[in-house]
2 protein chains.
Amino acid sequence: MAQGTSGKEAATSTLWDRTRQLAAQEILQTALRLFTQQGYDETTIAQIAREAGVSQRTLFRYFGTKEDLIGGSEEQFVTLVTETVRNQPADAGAWEVLRAAFEAALSLHTSREEALERFRLVHDTDSLRATYLRKRARCQEELLPLLEPRLTPPGTDRGQARAIVATAFACFDAATATWLEGKGQGDILDLYDQGLAAVRG
Amino acid sequence: MAQGTSGKEAATSTLWDRTRQLAAQEILQTALRLFTQQGYDETTIAQIAREAGVSQRTLFRYFGTKEDLIGGSEEQFVTLVTETVRNQPADAGAWEVLRAAFEAALSLHTSREEALERFRLVHDTDSLRATYLRKRARCQEELLPLLEPRLTPPGTDRGQARAIVATAFACFDAATATWLEGKGQGDILDLYDQGLAAVRG
DNA sequence: GCCCATCTGTCAGTCGCTGCCAAACTCCAT
DNA sequence: ATGGAGTTTGGCAGCGACTGACAGATGGGC
């Protein structure tokens, strides 16, 4: 497909999978480059496929959706959040657990610059923002049963649990929005704490 | 286009506009009927246009997007919320004002059944849910400057204001979700109060 | 009745996305 | 290494949402 790989060190899996992974990476990098260069909506699948050296059909087999080309990180985000919550000590409260999950999720990004770029792309592109919000909503629903046993007043019902989770995510979103507005100044988690403090008096 | 209107009482505007409005209503009713009958994604624009007696092109001239066929109510929702907030007494606090806005928005629905049906459609259809969330986000941003002078601790900054607005909407969403889960039992506003109480408790 | 403005339908085209089929490829057994 | 089995790939045709352009119909003002 692309250049022949001269090196042939032993790999964990078959040569096929390695090629596959390489192709996926190539597609992803091309897509991200074009998105940041000329915008998401202005970049067509055809162009990405052409520049990545694959057919449109193959591209859609790797990533089922155009949004998936940038949404992979969101998928990671969701997975990491739920996983972190699951692995938290049993005596930790709901708010505490959620904060830890956000902290873990934020540590995914390699650099401030990369995080800023990606956040801005999602924040400014309507369709991407919509997809993110959708995934976030699903994540909240998944978190619900995990958090119910951690709620401090035992009389708390499902509806209230939902409100708590929704609030945590809302404050996280507000924090990232403010962080973006300030061009990446300060720490998102600090902004999250400040926002939550304002809410909970 | 459709049947000739035999009645010709004096109207506020020209006959043209009246015809226009009638056609729009016809399209809207047809769309809503088909959506609830066979689902949103399973209903094509072509089908709506055919059954409403207009061309696809005309349909798109009336409603720029398929989502607009059901999103009109959301547009109303957003408008009413911001307008209510704007007309609130100057000494009312942010939380108070937001609650009043939600209450006003909920009074839009004619009946519990209709509200239930529409909420469920938006809640269960991914694309519609995404569009609703997008509009909600824009609404939050518009509300921000209106609420900043109403925040009780004067040292509250923009980031914290954003968190408060986001939390209010999050709790409202949680309330509607819980309301839907309970098949419309109880009052959404009560659920909202309970959720917020759990958050701010 | 006539002209102008507006609206409407038709047509063609773009873009995201999917099903289908034949060719190319990797892998394994012989 | 050779053949067969299972995957993967690319090209093609097609669907559905949506848009621009053009020609024709329609209402309003004279």
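Sequence lines set the chain letters: A, B, ... in the order given, protein chains first and strands last, and positions in each chain run from 1.
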Answer with base, sugar-phosphate or nothing: what part of the nucleic acid does Phe63(B) contact at a heavy-atom distance below 4.0 Å? nothing
Residues which pass ring pair (Phe, Tyr, Trp, His ring centres under 6.0 Å) with Tyr40(A), listed by chain and number, not counting sequence neighbours: Phe35(A)
According to salt bridge (charged side-chain N to carboxylate O under 4.0 Å, His left out), does anything in residues 188-201 of chain A pair up with another residue at least two apart or in another chain? List the pairs. Arg99(A)-Asp193(A)
In whole Å, what is the span from the CD atom of Gln21(B) to the P atom of dG27(D)? 17 Å
In chain order, what residues pass the side chain to side chain contact (heavy atoms under 4.5 Å, CB included) check against Asn87(B), with sequence neighbours excluded? Glu83(B)
Spacing of Arg162(B) atom CZ and Gln140(B) atom CD [to the nearest 0.5 Å]: 9.5 Å
Going by the rule salt bridge (charged side-chain N to carboxylate O under 4.0 Å, His left out), which residues pair with Arg129(B) if we only count those two or more places apart in sequence or in a different chain? none
Can you sort out the partners of Phe172(A) under ring pair (Phe, Tyr, Trp, His ring centres under 6.0 Å), two or more places apart, ordered by chain and number? Phe77(A), Phe102(A)
Nucleotide N/O to protein N/O under 3.5 Å, stretch nucleotides 14-18 of chain D:
unit_1  : atom_1 : unit_2   : atom_2 : d
dA17(D) : OP1    : Lys66(B) : NZ     : 3.0
dA17(D) : OP2    : Ile45(B) : N      : 3.0
dC18(D) : OP2    : Lys66(B) : N      : 2.7

To the nearest angstrom, the CD1-P distance between Ile48(A) and dC17(C) comes to 10 Å
Salt bridge (charged side-chain N to carboxylate O under 4.0 Å, His left out) against Arg150(B), all qualifying residues, sequence neighbours excluded: none
So which protein N/O to nucleotides 19-22 of chain C N/O distances come out below 3.5 Å?
unit_1  : atom_1 : unit_2   : atom_2 : d
dG19(C) : N7     : Arg57(A) : NE     : 3.3
dG19(C) : N7     : Arg57(A) : NH2    : 2.9
dG19(C) : O6     : Arg57(A) : NE     : 2.6

So, using side chain to side chain contact (heavy atoms under 4.5 Å, CB included) as the criterion, who are the partners of Thr82(A) when residues are at least two apart? Arg86(A), Cys139(A), Glu142(A), Leu143(A)
Please determine whether a side-chain nitrogen or oxygen atom of Tyr62(A) lies at a distance below 4.0 Å from atom OP1 or OP2 of dT8(D). no
Taking only residues two or more places apart in sequence, or in another chain, which ones meet Leu180(B) in a side chain to side chain contact (heavy atoms under 4.5 Å, CB included)? Leu116(B), Phe119(B), Arg120(B), His123(B)
Sorted by number, residues from residues 31-39 of chain A placing a heavy atom under 4.0 Å from DNA chain C are none
Sorted by chain and residue number, the side chain to side chain contact (heavy atoms under 4.5 Å, CB included) partners of Gln37(A) (sequence neighbours excluded) come out as Arg33(A), Leu34(A)
